[in-house]
Amino acid sequence: RSVCVSGHSLCYTRIQSYCGSQPQPQPVSCPFPPSDAYYSAVQADLESDAQDLDVESWSLAVDQQYLKKHTKEMVKRQDVIYELMQTEMHHVRTLKIMLRVYVRELKEHLQMDVQCLDGLFPRLESLLELHTHFLSRLKERRRVATQLSSDKNYNIQRLADILTTQFSGEIGERMKESYGDFCSRHTEAVSYYKEQLHNKKFQNLIRKINNLSIVRRLGVTECILLVTQRITKYPVLVERIVQNTEVGTEEHEELTRSLGLIKDCIVHVDAQVNLHQKASRLRDIAHKMEPKSLGKIKDGHVFRGEDLALGRRRLLHDGTVNHKAASGRLKDILAVLLSDVLLLLQEKDQRYVFSTVDNKPSVISLQKLIVREVAHEEKAMFLICASPNEPEMYEIHTASKEERKTWMTHLRQAVESCRHTERLFSEEEEARASKFKEFQGSLSQKDGQIVAGLTEKLQLFADMAESVAGLEDIASRSHLLLRGDASDLHQGGTLLKGTITEVENLQNLLLSGVTELAPRPEEGLGSGAMPRRADTFEGYDSKGSVKKKNYSGGDKARGRSQRACSDTQLKEIQASQAIITQQDRHIKLQRSSLTERASFPGRHRGNVLLEQEKQRMLALQREELASFHKLQLLHRQEQARWESERERHRLQSEAAEDRLRQSEEECRRLEEKREELERQREMYQQDLERLRESTLNVKKERLEQDNRGGWRCFYFTWQQHTTLIPSAGLPLKLSRIGPGRSLGGRPDAAGSGDGGPVGGVLFSGPKNIPTPQGSDWGHCHV
């Protein structure tokens, strides 16, 4: 049936596709009070939007004299701009009804929360704000273009800047997001509406709303459908505006750019709708998966059904294909292509389980997957898992050649994307290694600072020892520089453990200047290459007791020698500590690098088979690119031919229009001439009728005069005869004769012989009696 709503004509071939078998709201006789101030304000707002846009077209809205001043192309352009403004007004009206009527009534009477209303009317406020702003800018441009002589006459010259602003920048992004969300959730919104119709309160409320005068029976499903279709109407209108705009002008170029922005917005919305549909499809597949079913992967891992619902993978393509077993039989399976794996599923008891054909893994990784055609099969393809451990090959058959081509395209794109992800991981690994190198350099720098600090500290200790002892040992200065090599590493641990306490005691000795050395615990000493206690300090006995000495003479010199020897040992200990710390850090860095490389062995060695496949794919891509360029060249030539043909047809149509216009002018002139001749013929007929009437009147008058003249002649003749004949005593016989006849009845010389109204006499008396002459007397013979 055809439903006309606010100037929109929509044909629904199957209205049940939107409403199903649900009970539809029927009008009742209890609408909301028409005197409600709120709905009066809404009605006034809607009428304000529709002001000056109620006429069918721009040609009928302006004065006809003003219309004749414009060319045909300009009239068409203004008509399309007017249609754009009019349809935008109707769209804003639909959005306002959805927000200010449906949402308001559902909030007040059913107390629906914001989440439910957003599920029924997604992004409604954002859409209304965007289109209200767009309509206000269009009306403002019309107001600026209005002529001063008349408010009805206007001519909009520039429109592209408004369209560019609406579909680019921040407003363009909001248009993409709002329409993408609304169109993606269109199916869910209609399903939710049909579910709510089972609620009696909801159903009664919808009936009352539909009976409002401002709604005009604009239902929920119709509103949702109108909003969904609105974004697809802009390219058609803008293309018509471009066609009627002069080529080469700035306005034409800007309109072309605006048309491209609109199409990009629609592409973005379509992509968002596609992603939403595929995500919904993936959720449906995960919901139908058998919970206990497990899928095996080549590396030994297990893939579970709940892994689909985690949201880490995207559905790229799915469909029913046939898997050829080793026995030659074809098994129906559902192939699900995700962003990193390909799943082979089978349906069992209305549930999906992982395929078990030939006990091959039903989860195929895309990282090392090769896709090839079967040589003599147009509907088959090979899937080769190029794993170095256990390579595997699958033979997949599709329903048609086109479907196989589609599957191969999606698989190759997914494999390339997966390899790109692997390259990203390699780049991250390289970045991590570079960071390790930076850390290593920083640590080496810090080690150098530590060595410098220890060197300065040892120099200070040496200076302090000299100042306390009063003796300068020149030989000890040769050991102030820190140095070490790999041969000292095996002594570092023992030296460090055994000399910590000795260093502390030596420091106390140097600072305090006491003559008695502090005892050194033997448990702090370790075995190995440590110098013996007797060689270092002679003041210690074998049992750990301290011998007291007086620093006089040789004892003082021997004490100085012992302190110098201890100072040398301290320097060696500090140097060993610095060397060990530095070497340990180098070893740790090397081990971490080796561990990191060992965790990814496949990334550091090439795979010959994959490299060959890559080269083959590059060759195929080059061939496809060459064929594409060839097709593009043919397309350009065809387009140029089509343009020339179209130009020729346009010239022919213009010539035909000119001939038609001339023919119309000639017909008009001939019609005017025919009308003039018709008027002249009518005048001639009238004159002819008057002439006939005058002729008849003249004849009638002459007849009357002839009649009067004949009777006069008869009377005169009678008088003469009565005076002449009676004396002779002859009998008189009178007979009526016609004029011009003699008494014998024969025609005379002057008459015609025909009888007439004039009478005569015939008698047997003398002949040839003279006849009186006169103008009023006719010929009379006796």
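In what follows, every heavy atom counts, from backbone to side chain, and hydrogens, waters and symmetry copies are set aside. The residues of the chain are indexed from 1 along the displayed sequence.
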Distance, nearest 0.5 Å, that separates SG of Cys385 from CG of Leu369: 5.5 Å
Contacts of Ser126 that satisfy side-chain contact (heavy atoms from CB on, under 4.5 Å) - sequence neighbours left out: Leu130, Arg174, Ser178
Pairwise distance CZ(Phe382) to CD(Glu377) - rounded to 0.5 angstrom: 9.0 Å
Step-by-step side chain to side chain contact (heavy atoms under 4.5 Å, CB included) determination, Val103 to Met112: CA-CA 9 Å; Val103 174; Met112 292 185 70; over 6 Å; no
Gln445 CD: over 12 foreign heavy atoms closer than 6.0 Å: no
Short side-chain to backbone donor-acceptor contact, Thr94 and Cys223, under 3.5 Å: no
Heavy-atom closest pair, residues Asp332 and Gln346: O-CG, 4.0 Å
Steps toward side chain to side chain contact (heavy atoms under 4.5 Å, CB included) verdict (Phe354, Leu345): CA-CA 5 Å; Phe354 289 97; Leu345 307 177; 3.7 Å; yes
Flag side-chain contact, heavy atom, 4.5 Å: Arg137 against Thr165: yes
Atom CD of Glu373: over 12 foreign heavy atoms under 6.0 Å: yes
Salt bridge (Lys or Arg N to Asp or Glu O under 4.0 Å) against Arg283, all qualifying residues, sequence neighbours excluded: none
Glu403 with Lys379: basic N within carboxylate O range, under 4.0 Å: no
pair Leu343-Ser362: side-chain heavy atoms closer than 4.5 Å: no
Nearest non-hydrogen partners of Val321 and Ala335, listed with the distance: CG2-CB, 3.9 Å
Heavy-atom pair of closest approach, residues Ser258 and Thr164: OG-OG1, 2.7 Å
Side-chain ion pair, Glu623 and Arg616, N-O less than 4.0 Å: no
Heavy-atom closest contact (Cys183 atom, Thr228 atom, distance): SG-CG2, 3.9 Å
Identified side chain to side chain contact (heavy atoms under 4.5 Å, CB included) counterpart of Leu344 within the set Val336, Leu383, Ile364: Ile364
What pairs of donor and acceptor atoms, side-chain ones from residues 266-279 against any protein atom, are under 3.5 angstrom apart with sequence neighbours left out?
{"from": "His276", "atom 1": "NE2", "to": "Ser184", "atom 2": "O", "distance (Å)": "3.4"}
{"from": "His276", "atom 1": "NE2", "to": "Glu188", "atom 2": "OE2", "distance (Å)": "3.2"}
{"from": "Lys278", "atom 1": "NZ", "to": "Leu316", "atom 2": "O", "distance (Å)": "2.7"}

Under the salt bridge (Lys or Arg N to Asp or Glu O under 4.0 Å) test, residues paired with Glu395 that sit two or more places apart: Lys324
Donor-acceptor contact present, side-chain Arg185 to main-chain Asp118, <3.5 Å: yes
Where Arg313 and Leu282 come nearest, the two heavy atoms and their spacing: O-CD2, 3.7 Å
Heavy-atom check, side chain of Arg314 versus side chain of Leu338, under 4.5 Å: no
Beyond-backbone contact of Lys288 with Glu347, side-chain heavy atoms, under 4.5 angstrom: yes
Backbone N/O of Ala380 and side chain of Arg404: donor-acceptor pair under 3.5 Å: yes
Candidate list Ile206, Leu120, Leu205, test side chain to side chain contact (heavy atoms under 4.5 Å, CB included), partner Tyr102, passing option: Ile206
Within residues 161-180 or reaching into it, pairs that qualify as ring pair (Phe, Tyr, Trp, His ring centres under 6.0 Å) - sequence neighbours excluded: His131-Tyr179, Phe167-Tyr234
Pairwise side-chain contact, Lys96 with Val92, heavy-atom cut-off 4.5 Å (strictly under): yes
Any side-chain heavy-atom pair of Glu416 and Arg412 under 4.5 Å: no
Ile171 side, atom CD1; Glu129 side, atom CD - distance, nearest 0.5 Å: 9.0 Å
Stepwise side chain to side chain contact (heavy atoms under 4.5 Å, CB included) check, Leu226 with Arg230: CA-CA 6 Å; Leu226 287 174; Arg230 179 57 186 172; over 6 Å; no
Separation between CD1 of Ile224 and OH of Tyr193, rounded to the nearest 0.5 Å: 8.5 Å
Carboxylate-amine/guanidinium proximity below 4.0 Å for Glu239 and Lys263: yes
Heavy-atom neighbours of Gln632 CD exceed 12 at 6.0 Å: yes
Validation row: Thr398, Thr406 side chains within 4.5 angstrom (heavy atoms): no
From Lys107 atom NZ to Asp113 atom CG, the distance as rounded to the nearest 0.5 Å: 10.0 Å
Donor-acceptor contact below 3.5 Å, side chain Ser627 vs main chain Glu624: yes
Over 12 non-hydrogen atoms of neighbours within 6.0 angstrom of NZ in Lys401: no
For Gln637, all residues meeting side-chain contact (heavy atoms from CB on, under 4.5 Å), sequence neighbours excluded: Leu633, Leu634
Minimum side-chain heavy-atom gap Leu163-Phe134 below 4.5 Å: yes
Interatomic distance, Arg281 atom CZ to Asp318 atom CG [nearest 0.5 angstrom]: 4.5 Å
Side chain to side chain contact (heavy atoms under 4.5 Å, CB included) evaluation trace for Glu290 with Lys348: CA-CA 9 Å; Glu290 180 67 32; Lys348 182 179 179 181; over 6 Å; no
Closest approach of Trp407 to Gly319 (non-hydrogen atoms, all atoms of both residues): CZ2-N, 3.6 Å
